[in-house]
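From a predicted model like this one, the values you see are computed outputs, not experimental measurements. The sequence lines fix the lettering, A, B, ..., with proteins before strands; numbering per chain opens at 1.
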Amino acid sequence: MTDGSIGDAGATGDADPTGIGLRDDLPIEQWYEAPARPKPIRDRWTKLARLRELGFEPYAYGWDSSHDLTAAREAWPGEGEGPTVRVAGRIESLRDMGKSAFLHLGDRNGRLQAYFKRQQLSERDAQLLDLLDLGDWIGVEGPLFETRTGEVTVRADRLTLLSKSLRPLPYGKVEVDETGERIVHSGFADTESRYRQRYADLAVNPEVREIFLVRARVIASLRRRLDESGFIEVETPILQPLYGGAFARPFTTHHNTLDRQLYLRIADELYLKRLIVGSLDRVYEIGKNFRNEGIDRTHNPEFTMLELYQAMADYETMMDLAESLVSETAKEIVGGNRIEWDGHTVDLSPPWERVTFFEAIERHAGFDARAADMTDLAERLQRAGRDDADSMNRTRLLDAVFSEWVEPELVDPTIIYDYPIEMSPLAKPKRGDPELAERFEVIVAGTELVNAFSELNDPLDQWKRFAEQARARAGGDAEAQGLDRDYVRALEYGLPPTGGLGLGIDRLVMLLTGKTTIREVILYPILREEEI
RNA sequence: GCGCCGCUAGCUCAACUGGUAGAGCAACUGACUCUUAAUCAGUAGGUUCGGGGUUCGAGUCCCUGGCGGCGCACCA
């Protein structure tokens, strides 16, 4: 397979050089009526032909709605016949009873029933009604009323086909019980198909649409809050000659004209701090990072981060900012700070508990990791079943200890601060304790949500830390950072005291939507190639 | 990367120890003027993920490949 794109499904150009453009060796028209197609597809193809015969345009050019479906339902005055509305939507259910028919239209966040009385329709509209299928987009015009069973409904006096659906959507049957709760029977549930055909997932599962509406509102809310606080939004390179700002392996690519190797960024950090040097004293960027690492419930190779930098601030300012950004956003988007997540109740209201890195280990693992030597750390990890411990340096050992005993215990957001300095090559040493860095992470529900520090602004110190990284890299640590000479040059001009913060947008959305898999909050999560 | 589980009709799922592959929804034909998981009668729908093997006989057992899920590792 040279091209796995879904749009080219079934092309057989490789097998038959004269067959370019054929679909499974057939001209496209014959493909739809071939016996190999499921009957619903063949039937829809026949209906499409019939519609054309009758002079209907199956793919319209536009439509003017007077209301979306939710607004239309709300426009019903409460009794009697309401105003005439023009609405559009996709047919989600269809109940034809001969002389009359009911169907439900759906749009991005609403649903409205339409009632058709054949006697009252023009002959053409009645013909059209007979050729409709689930999944078709239609427009409807008529007055609102309430059915005997109490559902606000539009009585369709006029009907317009907007787009004919040739492929049956995997609709389940929707039952609405006495409490108004939607119960979906059967439906579209196969995880793999849902991700591969996200369009069908979104079309059929309103709760999936809701996740992405929430995601959009979360991002808009963060952006508005930062804009109002005097931050300016910027864009920095994704294609970078040197990657840095985090510990991760990059994706590598190549620019032809420049004939030069480039990397997809693993973090925005170094470019953003250069802007603070340039006197843009509050900047942020919301964008994709790319890390060439494993894939699991909390990691997708491309993911979205908010990074912000504020001059004249330190990590304590960032702690306050992290608290307010997360809790205010939660209040605004989901209406509160108590969230049910993976069987826990997570309380996002500030202030969050603040514990130092070594205190946290003391508390949850029961020993003083700062005093412990490497052998001691490795032995403890080995006893806990980590057989790779003897190959780790001290940084990795401490990190392993932290993720083994501390992280899983933290449910409510917890600020873990004062990390060992060797784990934090871009952070300032802690005042009065240079073995530690002024850095914190926010751990919520067992995973890292925020990473922040007082930014290292001493160019000499930065050079030495880079050099240390370079040594670690030479010693085989594939994730150690490269030496970025231009960044040091920038620091030499003078980086004011600066606080910086990174917040994982995907994980925040997971938290606010109750999802335990990052794939559920990314529209197109990465998957292996599909054979179509 | 390793381990476990899964892949059957367009969708959701059945098929005991190997013995003719089924149901509901969707579809089609017909009936029905306020239905709503509409109902009723009938019809059609399958390369059981691909390849190989064992067997008189494989959805089922074995080998191999693909894809997915979960866990572990990795990802500070």
When you check the phosphate oxygens OP1 and OP2 of [N], does a side-chain N or O of [X] lie under 4.0 Å from one of them?
X	N	result
A/Arg528	B/rG66	no
A/Thr191	B/rC70	no
A/Arg196	B/rG68	yes
A/Arg519	B/rG69	yes

[X] [atom1] to [N] [atom2]: how many Å, rounded?
X	N	atom1	atom2	answer
A/Arg42	B/rG45	CZ	P	9 Å
A/Asp201	B/rG68	CG	C1'	15 Å
A/Lys173	B/rU39	NZ	C1'	10 Å
A/Glu192	B/rC5	CD	P	19 Å
A/Arg111	B/rA37	CZ	P	11 Å
A/Glu92	B/rA37	CD	C1'	14 Å
A/Gln382	B/rA73	CD	P	14 Å

Is there a side-chain contact between A/Leu26 and A/Leu22 (heavy atoms, below 4.5 Å)?
no
Student check: side-chain heavy atoms of A/Leu508 and A/Leu449 closer than 4.5 Å
yes
Which residues share a salt bridge (charged side-chain N to carboxylate O under 4.0 Å, His left out) with [X], sequence neighbours left out:
X	answer
A/Glu175	none
A/Glu302	A/Lys288
A/Lys39	A/Asp43

Just jot down the ring-ring contact (aromatic ring centres under 6.0 Å, His included) partners of A/Tyr315, sequence neighbours excluded, or say none.
none
What residues, two or more places apart in sequence or in another chain, satisfy ring-ring contact (aromatic ring centres under 6.0 Å, His included) together with A/Tyr271?
none
Please determine, by modelled atom types, if A/Thr46 and A/Arg44 share a side-chain donor-acceptor pair under 3.5 angstrom.
no
Is a donor-acceptor pair below 3.5 Å formed from side chain A/Gln113 to base B/rU35, judging by atom type as modelled?
yes
State which residues pass side chain to side chain contact (heavy atoms under 4.5 Å, CB included) with [X]; sequence neighbours excluded, sorted by chain then number.
X	result
A/Ile421	A/Pro429, A/Ala437, A/Arg465
A/Ile295	A/Pro301, A/Arg519, A/Ile526
A/Arg209	A/Glu92, A/Leu202, A/Pro206
A/Phe367	A/Ile361, A/Ala365, A/Ala369, A/Ala372, A/Leu377, A/Arg380, A/Val401

Tell me which nucleotide among B/rC67, B/rC28, B/rA37 gets nearest to the side chain of A/Glu175.
B/rA37
Proximal nucleotide (of B/rU35, B/rC67, B/rC28) relative to the A/Arg95 side chain
B/rU35
Pair pattern of RNA chain B in dot-bracket, where unpaired bases get dots and | marks partners in another strand, Watson-Crick or G-U under 3.5 angstrom:
(((((((..((((.....[..)))).(((((.......))))).....(((((..]....))))))))))))....
Look for any protein N or O under 3.5 Å of an N or O in nucleotides 29-34 of chain B and output each such pair with its distance, or none.
| unit_1 | atom_1 | unit_2 | atom_2 | d |
| --- | --- | --- | --- | --- |
| B/rC32 | N4 | A/Gly98 | N | 3.2 |
| B/rC34 | O2' | A/Arg148 | NE | 3.1 |
| B/rC34 | O2' | A/Arg148 | NH1 | 2.7 |
| B/rC34 | O2 | A/Arg148 | N | 2.6 |

Under 3.5 Å between N/O atoms: give me all the protein pairs with nucleotides 10-15 of chain B, atom names plus distance.
| unit_1 | atom_1 | unit_2 | atom_2 | d |
| --- | --- | --- | --- | --- |
| B/rC11 | O2' | A/Gly187 | O | 2.3 |
| B/rU12 | OP1 | A/Ala189 | N | 3.3 |
| B/rU12 | OP1 | A/Asp190 | N | 2.9 |

